[in-house]
Student: 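I am attaching a structure below and will ask some questions about it afterwards.
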Amino acid sequence: MAPLTKITNWNEFAKQLATLKSNGVYALTTDVWWGDVESKGNNQFDWTYYKQYAQVVRESGLKWVPILSTHQCGGNVGDDCNIPLPNWVWSLSTEDRLTHKSETGYVNKETLSPWASDVVGTQYNELYASFAQTFAGYKDIIVKIYVSGGPAGELRYPSYVGADGWSYPSRGKIQAYTETAKADFRNAMQSKYGTISSLNNAWKTTLSSWSQISPPTDRDNFFTSGAA
């Protein structure tokens with residue numbers, strides 16, 4: 001895997017790739033940061049750096065595995081650079097829809113929330129389409145493409161963040177405390193049970209309205225006994 005930070009000395013990089021090639025390495029993976037290539041504005045892509053990168057990899061005789069990284073770089077283990085999501089993306093909807101909020105009230109902006117599916121679908125599709133069009137001429141070296149699925153590129157919620165008070169090996173922070181997430185949960189429970197009395201029978205609760213449904217308030221006890 002290539003460094004997370006950008007290459008500044010292309011001659012030295014070419015020498016490093018030659019060394020890898022001579023030692024039997026087949027391919028190089030590289031984060032292609034959404035926050036970098038579309039930083040200037042919505043649907044305004046600049047692939048200049050990555051085209052030069054791909055050309056140097058081609059000349060080395062190695063294959064290339066781009067990682068289309070729609071998460072921020074910075075704040076996770078091993079991150080040695082700071083590339084946030086495009087700043088303009090936060091104007092496409094409310095912060096409540098676009099971000100995750102944990103049980104402590106910590107708002108996380110390292111990846112877009114799945115509750116903003118309309119924004120996510122449009123923006124990611126534009127990114128993927130632009131990449132495909134720009135790098136169609138590099139099919140000879142691109143042997144695989146990885147797509148990031150969440151924080152640190154992993155398909156998960158941002159539950160393990162030091163800035164939110166988490167430390168290994170404690171449990172992750174629950175990420176269900178935006179008003180958007182709460183409303184979605186209430187709607188799902190109403191669809192499942194139909195009436196508040198049916199929900200109370202299933203949950204052994206005495207709620208009087210759907211608005212009283214919320215994520216766990218006693219989080220530690222929730223994980224040990226299932227208590228709300």
Side-chain angles (χ1 to χ4, degrees), residues 34-35 38 42-43 68-72 74-76 84-128 147-228:
W34 177 34
E38 203 178 0
N42 193 355
N43 223 12
L68 300 185
S69 298
T70 51
H71 60 286
Q72 78 170 22
N76 281 297
L85 270 58
N87 187 56
W88 51 264
V89 79
W90 305 115
S91 67
L92 298 180
S93 188
T94 64
E95 180 179 276
D96 191 81
R97 288 188 70 236
L98 292 170
T99 62
H100 297 85
K101 181 185 286 187
S102 77
E103 62 196 64
T104 67
Y106 180 82
V107 176
N108 188 293
K109 291 187 172 183
E110 62 181 302
T111 185
L112 292 179
S113 163
W115 283 285
S117 57
D118 55 336
V119 176
V120 170
T122 298
Q123 297 308 317
Y124 290 8
N125 284 340
E126 289 176 355
L127 173 68
Y128 302 152
V147 176
S148 87
E154 300 169 348
L155 190 60
R156 61 175 175 83
Y157 291 98
S159 300
Y160 311 105
V161 180
D164 193 16
W166 176 83
S167 61
Y168 180 84
S170 60
R171 67 164 177 82
K173 306 292 185 180
I174 302 175
Q175 304 291 314
Y177 292 84
T178 61
E179 294 306 312
T180 303
K182 293 176 184 178
D184 187 49
F185 182 51
R186 290 172 186 140
N187 291 336
M189 294 304 96
Q190 191 166 3
S191 296
K192 179 177 181 179
Y193 293 106
T195 65
I196 197 72
S197 60
S198 296
L199 179 140
N200 282 328
N201 288 334
W203 287 16
K204 305 296 188 291
T205 53
T206 57
L207 303 180
S208 59
S209 70
W210 298 107
S211 63
Q212 293 177 297
I213 296 174
S214 66
T217 54
D218 185 349
R219 274 74 63 166
D220 290 333
N221 199 28
F222 171 76
F223 281 101
T224 57
S225 68

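Because only heavy atoms are used, hydrogens play no part in the values below, and waters and symmetry mates are left out as well, while side chains stay in. If you read the sequence from its start, that first residue is 1, and numbering goes on from there.
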Student: Does E103 reach the side chain of K173, with side-chain heavy atoms less than 4.5 Å apart?
Tutor: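 Answer yes - side chains close enough.
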Student: Supply the atom-to-atom distance S214 OG to F185 CZ, rounded to the nearest 0.5 angstrom.
Tutor: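 CZ of F185 is found 8.5 Å from OG of S214.
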Student: Mind listing the closest non-hydrogen atom pair of R156 and Y160 along with its distance?
Tutor: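 Looking at all heavy atoms of both residues, the closest pair is NH1-CD1, 3.8 Å.
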Student: Any ring pair (Phe, Tyr, Trp, His ring centres under 6.0 Å) pairs touching residues 97-117, not counting sequence neighbours?
Tutor: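 Applying ring pair (Phe, Tyr, Trp, His ring centres under 6.0 Å) to every pair that reaches into residues 97-117, excluding sequence neighbours, yields H100-Y157.
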Student: Which is it for Q212 and I196 under the side chain to side chain contact (heavy atoms under 4.5 Å, CB included) test, yes or no, and what are the steps along the way?
Tutor: CA-CA 10 Å; Q212 293 177 297; I196 197 72; over 6 Å; no
Student: Testing the 3.5 Å rule here: is there a donor-acceptor pair between the side chains of S69 and S148?
Tutor: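 Their side chains do not contain a donor-acceptor pair, so the 3.5 Å distance test is not met.
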Student: Look at the rings of Y124 and Y128 and say which category their plane angle falls in: under 30° parallel, 30 to 60° tilted, over 60° perpendicular.
Tutor: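 Rings of Y124 and Y128: tilted, 30 to 60°.
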Student: Do the side chains of S113 and R97 get nearer than 4.5 Å, heavy atoms only?
Tutor: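 No, every pair of side-chain atoms sits at 4.5 Å or beyond.
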Student: Looking at S170 and W166, would you say the former's side chain and the latter's main chain have a donor-acceptor pair under 3.5 Å?
Tutor: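 A pair under 3.5 Å: no.
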Student: Salt bridge check, R171 against D220: does any charged N sit closer than 4.0 Å to a carboxylate O?
Tutor: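 A salt bridge is present here (some side-chain N lies under 4.0 Å from a carboxylate O).
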Student: Using only atom types and a distance under 3.5 Å, with no angle test, would you say the side chain of E126 pairs donor to acceptor with the backbone of Q123?
Tutor: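 Flag not set: sc E126 to bb Q123 has no pair under 3.5 Å.
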Student: If you compare all heavy atoms of P151 against all heavy atoms of E110, which two are closest, and at what distance to 0.1 Å?
Tutor: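 That closest heavy-atom pairing would be CB-OE1, 3.3 Å.
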Student: Below 4.5 Å, heavy atoms only, C-beta onward: do L92 and T122 meet side chain to side chain?
Tutor: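 SC-SC contact between L92 and T122 ruled out.
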Student: Could you tell me the separation between the CG atom of N200 and the OG1 atom of T206, rounded to the nearest 0.5 Å?
Tutor: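 The distance works out to 6.5 Å.
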Student: Please list all pairs meeting salt bridge (Lys or Arg N to Asp or Glu O under 4.0 Å) that have one or both residues in residues 181-201, counting only residues at least two apart or in different chains.
Tutor: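 Listed once each, the pairs are E179-K182.
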Student: Which pair of non-hydrogen atoms, one from Y177 and one from P216, has the smallest distance, and what is that distance?
Tutor: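 Smallest interatomic distance, heavy atoms only, reads OH-O, 2.6 Å.
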Student: Using 0.5 Å steps for rounding, measure from the OG1 atom of T70 to the CG atom of L85.
Tutor: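 Answer for the OG1-CG pair, T70 versus L85, is 7.5 Å.
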Student: When rounded to the nearest 0.5 angstrom, what distance separates OH in Y193 from CG in N201?
Tutor: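 Interatomic distance, Y193 OH to N201 CG, rounded to 0.5 Å: 10.0 Å.
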Student: Go through the steps for V89 and L112 under the test side chain to side chain contact (heavy atoms under 4.5 Å, CB included), then give the verdict.
Tutor: CA-CA 9 Å; V89 79; L112 292 179; 4.3 Å; yes
Student: Mind listing the closest non-hydrogen atom pair of A116 and L98 along with its distance?
Tutor: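 That would be CB-CD2, 3.7 Å.
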Student: Return the CH2 to OG1 distance between W210 and T195, rounded to the nearest 0.5 Å.
Tutor: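 Output value for this atom pair is 6.0 Å.
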Student: Using the six-membered ring wherever Trp is involved, compare the ring planes of W34 and W88 and label them parallel, tilted or perpendicular (cut-offs 30° and 60°).
Tutor: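 Because their plane-to-plane angle is over 60°, the rings of W34 and W88 count as perpendicular.
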Student: Taking the side chain as C-beta and beyond, is there a heavy-atom pair between P158 and Q175 under 4.5 Å?
Tutor: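 Heavy-atom side-chain distance check passes, below 4.5 Å.
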Student: In terms of side-chain heavy atoms, does T178 have a donor or acceptor partner in T180 at a distance below 3.5 Å?
Tutor: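 Their side chains do not contain a donor-acceptor pair, so the 3.5 Å distance test is not met.
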